Amino acid sequence: MMGSSFCALRNLALMMKRKVSLLLAVIVCLAVVPVQSFAEVPGGFESAGAEDDVFKKERRIFLWDVTISMVGATQNSAKPKGKKRANPDFNYSASGFPYYDSEKDIFDRTREILINKIEEIKNESTEIIVLPFRNGIVGEFRANATAEGKEQLKQLINSWNDLVPGGTFTATCLKQAVDTYFTGDRTNRIILLTDGEPTGDEGHRLLKYISEWKGLRETKGTGCYLVYVMLTDEADSDDIKKVARSNPDEIQVIPPDVNVGDHVFISIARTASIYVRDCFNGKISDEGKGELKLHYTFVDGNEIPDDSEFCFTIEENEYISIDPSEEIEPEDGFFIVPFKFKKSFEEIYADLPHDSNLTLKVTCSKDEDSKLIDITGGSSVDLALVVKPEPRATISWKVMDEDED
């Protein structure tokens with residue numbers, strides 16, 4: 001009886017030992033599987049960080065032109081005499097600008113656009129600052145983008161009532177706003193809404209200041225953006241457009257032929273990754289093809305305008321290609337960009353390092369006819385080609401014979 005019990009206990013011990021050994025082997029197997037820092041998605045990979053300066057909260061500043069030209073006041077005697085108006089109160093005959101140009105009266109429309117742009121801001125942590133300006137900044141409305149904060153700003157904007165003659169000191173006021181409100185701990189975005197040419201040498205000073213915009217990184221940190229909204233033909237400036245084209249990641253221009261109320265800004269992911277092996281072993285494809293799925297988020301607006309088309313290019317390399325002529329529409333938060341490898345997996349595996357990634361620059365550019373949408377915060381993506389040895393694990397255990405001690 002005792003011998004039988006002893007054998008049963010011994011067999012139980014052997015069985016427990018086998019289970020422990022198997023468990024240890026499984027743990028070892030899991031330990032050697034590489035951890036992927038990018039989220040896998042069908043047909044490609046995407047990364048976090050679609051928002052520019054993703055770890056910073058945003059401060060959005062609206063520099064609002066409130067010169068009397070915004071209510072159509074003019075000295076042009078070919079126009080009819082202006083009548084007194086309310087909200088804001090203004091007496092044309094007593095202002096020195098007694099005539100009225102109805103085509104230039106855009107105050108109410110601009111105020112409506114301003115309020116709608118504030119309403120579109122989704123992140124409640126965004127700080128909103130509205131600065132009416134003419135020959136100086138003449139007010140400050142400030143709140144966070146909560147429902148209560150937006151309602152407070154709406155009331156302040158609608159009740160603003162300080163319309164008096166004064167020049168358009170655009171350069172002075174833009175610099176003052178940047179110096180006062182831009183800080184390194186926030187992503188700073190200033191939207192300049194103006195209807196006319198700057199007064200005197202302000203135009204020259206404005207062009208010089210915008211041309212040196214990149215220098216703000218040294219004093220205000222990364223994440224300093226300017227949106228220059230030209231509300232009328234008088235505000236249109238080829239020189240400013242030229243400067244903006246030289247710094248498209250930080251300066252955008254909305255010209256007068258674009259309805260700013262319908263315009264949207266999006267931000268695209270800064271980094272992405274492709275796991276090369278998956279494009280050859282059947283997980284994604286077995287032909288060296290795939291689709292890069294790049295995330296975008298709305299910075300301003302909430303719908304992609306119709307016929308918004310973009311093209312993608314990749315820097316010259318010997319491993320992967322993207323067709324630059326293929327037009328891609330952003331949809332449901334993503335750009336889907338087809339790609340194809342130029343070499344076999346064996347050739348790529350032999351050429352590329354396994355302990356680091358080859359990074360290539362992918363650049364996004366919009367079709368010229370897509371006027372109602374722009375990318376802000378950078379239009380290029382760092383694409384990593386990941387080549388790693390196939391994870392393997394060896395499982396082994398030893399079973400003791402019954403006659404072993």
Side-chain angles (χ1 to χ4, degrees), residues 49-54 56-64 110 112-130 145 150 174 177-178 182 186-194 210 213 216 222-231 235 240-241 243-270 294-312 328-335 363-381:
E51 283 285 356
D52 50 318
D53 299 280
V54 66
K56 294 182 181 180
K57 294 180 180 179
E58 183 181 357
R59 176 178 293 116
R60 198 168 301 189
I61 303 165
F62 294 91
L63 195 57
W64 176 27
T110 304
E112 182 180 349
I113 289 170
L114 175 57
I115 291 172
N116 288 341
K117 289 299 180 184
I118 290 172
E119 290 286 355
E120 289 174 353
I121 300 173
K122 296 179 176 62
N123 194 329
E124 292 190 351
S125 68
T126 298
E127 182 183 25
I128 306 170
I129 303 173
V130 180
K150 291 177 180 178
L174 177 60
V178 170
F182 276 30
R186 291 250 181 181
T187 294
N188 305 282
R189 195 182 311 277
I190 190 164
I191 297 93
L192 170 61
L193 300 144
T194 183
I210 294 176
W213 191 265
L216 291 176
T222 59
C224 297
Y225 304 104
L226 168 65
V227 180
Y228 196 111
V229 182
M230 300 172 174
L231 294 170
I240 290 176
K241 291 177 182 177
V243 171
R245 287 194 295 270
S246 70
N247 186 11
D249 290 346
E250 296 176 324
I251 302 175
Q252 282 86 30
V253 169
I254 300 180
D257 61 338
V258 173
N259 184 352
V260 63
D262 295 332
H263 187 277
V264 302
F265 280 108
I266 59 173
S267 175
I268 63 174
R270 294 291 189 88
L294 292 174
H295 185 47
Y296 70 83
T297 56
F298 286 98
V299 175
D300 185 43
N302 49 37
E303 290 186 9
I304 297 295
D306 293 338
D307 303 319
S308 296
E309 295 179 339
F310 294 78
C311 295
F312 287 80
I328 298 169
E329 296 185 18
E331 187 175 2
D332 297 331
F334 292 95
F335 288 97
T363 303
C364 176
S365 58
K366 73 168 186 174
D367 184 272
E368 290 183 357
D369 293 330
S370 302
K371 294 183 177 181
L372 290 176
I373 187 170
D374 279 292
I375 292 176
T376 183
S379 58
S380 61
V381 179

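Everything numeric in this text was worked out from a predicted model, so none of it was measured.
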Taking C-beta and beyond as the side chain, do [X] and [Y] meet within less than 4.5 Å on heavy atoms?
X: V299; Y: R60; result: yes
X: D300; Y: V227; result: no
X: P305; Y: D262; result: no
X: N188; Y: I61; result: no
X: Q252; Y: T376; result: yes
X: D369; Y: D307; result: no
X: F265; Y: I254; result: yes

Which atom pair, heavy atoms only, marks the closest approach of [X] to [Y]?
X: V264; Y: N302; value: CG1-N, 4.4 Å
X: S308; Y: P330; value: O-CD, 3.4 Å
X: I121; Y: K150; value: O-NZ, 2.5 Å
X: I191; Y: V229; value: CG2-CG2, 3.9 Å
X: L372; Y: V258; value: CD2-CG1, 3.6 Å
X: S379; Y: D249; value: N-OD1, 3.4 Å

| message | Determine whether E329 and I304 satisfy the following criterion, side-chain contact (heavy atoms from CB on, under 4.5 Å), listing intermediate values before the conclusion. | response | CA-CA 9 Å; E329 296 185 18; I304 297 295; over 6 Å; no
What's the separation between atom [atom1] in [X] and atom [atom2] in [Y], rounded to the nearest 0.5 Å?
X: I251; Y: I210; atom1: CD1; atom2: CD1; result: 6.0 Å
X: Y225; Y: W213; atom1: OH; atom2: CH2; result: 11.5 Å
X: I328; Y: D367; atom1: CD1; atom2: CG; result: 12.5 Å
X: L231; Y: T194; atom1: CG; atom2: OG1; result: 7.0 Å
X: L192; Y: L226; atom1: CG; atom2: CG; result: 6.5 Å
X: H263; Y: K371; atom1: NE2; atom2: NZ; result: 11.5 Å

Can you list everything that forms a side chain to side chain donor-acceptor pair (under 3.5 Å) with N247? Sequence neighbours excluded, please.
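Side chain to side chain donor-acceptor pair (under 3.5 Å) check on N247 returns E250.
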Dump the intermediate steps for side-chain contact (heavy atoms from CB on, under 4.5 Å) on R186 and K56, then the final yes or no. CA-CA 5 Å; R186 291 250 181 181; K56 294 182 181 180; 5.5 Å; no
Determine whether a donor-acceptor pair (N or O, by modelled atom type, separation under 3.5 Å) exists between the side chain of [X] and the backbone of [Y].
X: K366; Y: C311; answer: no
X: S267; Y: T297; answer: no
X: R270; Y: G377; answer: yes

Could you check I268 against I375 for side-chain contact (heavy atoms from CB on, under 4.5 Å), going step by step and ending with a plain yes or no?
CA-CA 7 Å; I268 63 174; I375 292 176; 4.1 Å; yes
inquiry  = Applying ring pair (Phe, Tyr, Trp, His ring centres under 6.0 Å), can you list everything that pairs with F335, at least two apart in sequence or on another chain?
reply    =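 Listed in chain order: Y296, F310, F312.
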ask   = Between R189 and E58, does at least one N-O distance fall below 4.0 Å, as a salt bridge requires?
value =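 The answer is yes: the pair qualifies as a salt bridge.
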Kindly indicate, with the supporting measurements, whether the criterion side-chain contact (heavy atoms from CB on, under 4.5 Å) is fulfilled by I118 and V130. CA-CA 10 Å; I118 290 172; V130 180; 3.9 Å; yes
